[in-house]
> 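Got a structure for you, questions after.
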Amino acid sequence: MNITFCRLSLFLTAMLGLVFSPASALVSPAVSAATISRTATAAPLPASLAWGWPLAGKPVVTRAFDPPAQPWLSGHRGVDLAAPQGAAVLAPTSGVVSFSGVVVNRSVLTITVDNGLRLSFEPVFSPLRAGDTVVRGQQIGAVKGPTHCDGSVTPSCLHWGVRDGNDYLNPLQFILDLRPSVLLSLMD
């Protein structure tokens with residue numbers, strides 16, 4: 001029992017020494033300090049992906065992106081952001097209006113950006129028409145009309161979707177860093 005305790009004590013001492021030792025003691029001589037600083041912090045989102053929110057401030061996400069397993073199944077192909085009726089809707093990035101009209105009973109505005117992505121917003125009353133250019137942060141309309149949040153805990157919302165061809169993307173990936181955290185080995 002004393003031998004087991006002694007081995008455990010040595011093991012813990014060694015582990016604590018590693019935990020509390022300077023990082024350089026854990027690094028292989030082949031790994032430079034530049035490599036450590038480069039890999040220890042996440043790179044920021046590329047400027048092409050750093051969009052703004054389509055509402056003032058940082059709105060509450062009332063329903064998350066939940067794409068269906070198959071294109072024909074039900075799901076949630078965008079995000080819902082809490083927004084009272086009349087709230088200003090802002091362009092998250094620059095682009096060209098490719099659609100402005102009514103779909104079923106909701107006003108929809110679609111903006112196409114340089115890389116071909118299409119951003120859709122509903123219900124948005126907007127004076128803009130197809131072909132109009134918009135810049136990031138510009139008011140493109142206002143939340144107006146029935147929303148699919150009506151009758152839920154959130155009385156009104158803005159639905160924001162992003163499509164790449166026929167594929168729906170999570171709009172939040174263009175604002176927030178949703179990349180998974182990855183632990184990197186400092187040893188080769």
Side-chain angles (χ1 to χ4, degrees), residues 42-181:
L45 290 172
S48 63
L49 298 182
W51 296 354
W53 287 99
L55 297 167
K58 184 178 178 187
V60 173
V61 176
T62 60
R63 187 168 175 203
F65 181 71
D66 183 20
Q70 298 295 330
W72 59 87
L73 296 174
S74 65
H76 196 238
R77 294 165 172 86
V79 295
D80 291 342
L81 306 173
Q85 291 289 314
V89 178
L90 311 173
T93 189
S94 299
V96 177
V97 175
S98 51
F99 179 81
S100 181
V102 176
V103 177
V104 186
N105 65 341
R106 293 188 192 115
S107 297
V108 176
L109 184 71
T110 302
I111 297 172
T112 301
V113 299
D114 284 343
N115 57 8
L117 297 179
R118 289 174 290 169
L119 293 64
S120 61
F121 308 90
E122 64 173 89
V124 174
F125 176 78
S126 177
L128 298 174
R129 298 291 164 239
D132 290 345
T133 59
V134 298
V135 295
R136 179 183 169 159
Q138 173 185 339
Q139 183 171 346
I140 56 175
V143 175
K144 184 175 180 189
T147 73
H148 60 256
C149 294
D150 294 347
S152 68
V153 175
T154 306
S156 181
C157 67
L158 172 70
H159 177 82
W160 177 27
V162 176
R163 284 177 58 184
D164 182 7
N166 291 325
D167 297 324
Y168 288 87
L169 307 176
N170 184 349
L172 298 182
Q173 75 183 344
F174 298 96
I175 294 178
L176 306 172
D177 190 351
L178 300 179
R179 296 173 295 177
S181 296

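Numbers here simply count residues along the sequence, with the first being 1. Owing to the predicted nature of the structure, the values given are computational and were not obtained by experimental measurement.
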> Run the salt bridge (Lys or Arg N to Asp or Glu O under 4.0 Å) test against Arg129 and tell me which residues pass, sequence neighbours left out.
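Applying salt bridge (Lys or Arg N to Asp or Glu O under 4.0 Å) to Arg129 gives none.
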
> Which atoms form the tightest heavy-atom contact between Gln85 and Ser156, and what is the distance?
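Taking every non-hydrogen atom into account, NE2-OG, 3.0 Å.
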
> Is it the case that the side chain of Ser100 and the backbone of Ala130 share a donor-acceptor pair, with hydrogens and angles ignored and the cut-off at 3.5 Å?
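Such a contact is absent between Ser100 side chain and Ala130 backbone.
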
> Please find the pair of heavy atoms, one from Ala87 and one from Leu55, that lie closest to each other, and give the distance.
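For Ala87 versus Leu55, the nearest heavy atoms are CB-CD2, 4.4 Å.
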
> Let me confirm one number: the OG-CG distance from Ser98 to Leu109, rounded to the nearest 0.5 Å.
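Going from the OG atom of Ser98 to the CG atom of Leu109 covers 8.0 Å.
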
> Apply side-chain contact (heavy atoms from CB on, under 4.5 Å) to Phe125 and list each qualifying residue two or more places apart in sequence or on a separate chain.
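side-chain contact (heavy atoms from CB on, under 4.5 Å) list for Phe125, sorted by chain: Lys144.
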
> Calculate, to the nearest 0.5 Å, the distance between atoms CG and CH2 belonging to Asn170 and Trp160 respectively.
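It comes to 9.0 Å.
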
> What residue pairs, at least two apart or across chains, pass salt bridge (charged side-chain N to carboxylate O under 4.0 Å, His left out) with a residue in residues 110-126?
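For residues 110-126: Arg106-Glu122.
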
> Determine the minimum heavy-atom distance between Gly86 and Ala142, stating which atoms define it.
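Nearest heavy atoms, Gly86 then Ala142: O-CB, 3.9 Å.
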
> Compare all side-chain heavy atoms of Ile111 with those of Phe121 and state whether any distance is below 4.5 angstrom.
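The answer is yes, as the side chains (C-beta and beyond) meet within the 4.5 Å cut-off.
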
> Flag the pair Thr93 / Phe174 as yes when at least one side-chain heavy-atom distance between them is below 4.5 Å, and no otherwise.
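Answer no - side chains too far apart.
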
> With the side chain counted from C-beta on, respond yes when Leu172 and Phe65 share a heavy-atom pair under 4.5 Å apart, and no when they do not.
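No - every pair of side-chain heavy atoms lies 4.5 Å or more apart.
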
> Would you name the heavy atoms of Pro84 and Val143 that are closest together and state the gap between them?
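Minimum heavy-atom separation between Pro84 and Val143: O-CB, 3.7 Å.
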
> Please enumerate all residues that pass side-chain hydrogen bond (donor to acceptor under 3.5 Å, both in side chains) together with Ser94, with sequence neighbours excluded.
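For Ser94 there are no side-chain hydrogen bond (donor to acceptor under 3.5 Å, both in side chains) partners, ignoring immediate neighbours.
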
> Which distance, rounded to the nearest 0.5 Å, do you find between the CH2 of Trp51 and the CG of Leu117?
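It is 5.0 Å, given to the nearest 0.5 Å.
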
> Taking the side chain as C-beta and beyond, is there a heavy-atom pair between Ser107 and Val102 under 4.5 Å?
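With C-beta onward as the side chain, the pair touches.
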
> Once rounded to the nearest 0.5 Å, what's the spacing between atom CH2 of Trp53 and atom CG of Leu81?
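With rounding to 0.5 Å, CH2 (Trp53) is 6.0 Å from CG (Leu81).
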
> In chain order, what residues pass the side-chain hydrogen bond (donor to acceptor under 3.5 Å, both in side chains) check against Asn166, with sequence neighbours excluded?
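Listed in chain order: Arg163.
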
> Please identify each residue that fulfils side-chain hydrogen bond (donor to acceptor under 3.5 Å, both in side chains) with Thr133, with sequence neighbours left out.
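None.
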
> Any salt bridge (charged side-chain N to carboxylate O under 4.0 Å, His left out) involving residues 89-100? Give me the pairs, sequence neighbours left out, ordered by first then second residue.
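The answer is none; no pair qualifies.
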
> Decide yes or no for Thr110 and Ser120: does some side-chain heavy atom of the first lie under 4.5 Å from some side-chain heavy atom of the second?
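The answer is yes, as the side chains (C-beta and beyond) meet within the 4.5 Å cut-off.
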
> Kindly write out the residues that satisfy side-chain contact (heavy atoms from CB on, under 4.5 Å) with Val60, not counting sequence neighbours, or none if the list is empty.
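side-chain contact (heavy atoms from CB on, under 4.5 Å) check on Val60 returns Thr62, Ala82.
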
> Closer than 3.5 angstrom, by distance alone: can the side chain of Ser126 be matched with the main-chain N or O of Ile140 as a donor-acceptor pair?
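Here the side-chain-to-backbone pair exists.
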
> Please find the pair of heavy atoms, one from Pro92 and one from Arg136, that lie closest to each other, and give the distance.
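Scanning both residues completely, I find the closest heavy atoms to be O-CG, 3.3 Å.
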
